[in-house]
Amino acid sequence: MIRVLLVDDQPLLRSGFRALLDVEDDIEVVAEAADGKEGLALAKEHLPDIALIDIQMPVMDGIEATRRIAADPTLARVHVVILTNYGLDEHVFNALRAGAAGFLVKDIEPEDFLHAVRVAARGDALLAPSITRKLIDRYVTEPLHMGADTGLKGLTNREREAVVLVAQGLSNDDIAERMVISPLTAKTHVNRAMAKLHARDRAQLVVLAYESGLVAPRNR
């Protein structure tokens, strides 16, 4: 059973998402919150698999709530998925840097929404390749501070290669083909790199790759 926490200051939207989720046999909404502070408390109480969190809320916004969830070892298994009206805006990038596993636009189709929740719960590719490429494009044109100490020296050569390919927007199957290895081995390299770099997911791995200088942004 996938346990979901809904955090949004609009009751109508929460009701809509809950209605979609409650009819699924493998998904349970364990709690709802109207702001980030309440959402953080409920995350600690219920330990959901997924926290669907709106970015802009009163009291505590979604970015700060995400940051606090990501920083709390007791909430390490909680995957934060950001809800936004605006797509790839600066708030979304700040949320990804704070530790969000990915994001969904609120006008997403119901079947895509349910699929995304299940994908996020698996801890798999939490950002679709097309979204990862958009994330990369943003870093390509507006790179963050380079040279951050991210522990890249602890990676093997193959793990570093896998991180570079993730940062180029490749899926595990694509990485396997490029590195001439099996998809399972590719996933193993990616997962080990994530563990060594303390990256919660592929989105964070992309951020680290660009911030560390492992992958250099292209010129405009």
Minimal non-hydrogen separation, [X] against [Y], with atom names:
X: A98; Y: I63; result: CB-O, 3.9 Å
X: P183; Y: D173; result: CB-OD1, 3.4 Å
X: G99; Y: A70; result: CA-CB, 4.0 Å
X: A33; Y: L42; result: CB-CD1, 3.8 Å
X: V190; Y: A162; result: CG2-CB, 4.2 Å
X: P58; Y: A34; result: CD-O, 4.2 Å

Check against side-chain contact (heavy atoms from CB on, under 4.5 Å), E28 and V30: CA-CA 6 Å; E28 175 188 10; V30 295; 4.0 Å; yes
Is the shortest side-chain N to carboxylate O distance from K37 to E64 below 4.0 Å? no
With no hydrogens and no angle check, is any side-chain donor or acceptor of K196 less than 3.5 Å from a backbone partner on G154? yes
With distance as the sole test, does R3 use its side chain to make a donor-acceptor pair with the main-chain N or O of H46 at under 3.5 Å?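 Confirmed, R3 side chain pairs with H46 backbone.
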Report the distance from atom [atom1] of [X] to atom [atom2] of [Y], rounding to the nearest 0.5 Å.
X: L197; Y: L205; atom1: CG; atom2: CG; value: 6.0 Å
X: R67; Y: D72; atom1: CZ; atom2: CG; value: 14.5 Å
X: E45; Y: L40; atom1: CD; atom2: CG; value: 12.0 Å
X: I50; Y: I2; atom1: CD1; atom2: CD1; value: 7.0 Å
X: D61; Y: I55; atom1: CG; atom2: CD1; value: 8.5 Å
X: R160; Y: L165; atom1: CZ; atom2: CG; value: 13.0 Å

More than 12 non-hydrogen atoms from neighbouring residues, nucleotides or ligands closer than 6.0 Å to CD on E177, yes or no? no
Are there over 12 heavy-atom neighbours, none belonging to R192, within less than 6.0 Å of that residue's CZ?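 12 or below, so no.
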Check whether any side-chain heavy atom of [X] lies under 4.5 Å from a side-chain heavy atom of [Y], and answer yes or no.
X: D8; Y: E32; result: no
X: L52; Y: F113; result: yes
X: L83; Y: F17; result: yes
X: D49; Y: V117; result: no
X: I27; Y: R118; result: yes
X: M179; Y: I181; result: yes
X: V163; Y: V166; result: no

Going through the distances and angles, do V7 and M57 end up as a side-chain contact (heavy atoms from CB on, under 4.5 Å)? CA-CA 9 Å; V7 186; M57 295 181 292; 3.7 Å; yes
Are side-chain N/O atoms of T185 and T188 paired as donor and acceptor at under 3.5 Å?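 No - no donor-acceptor pair under 3.5 Å links their side chains.
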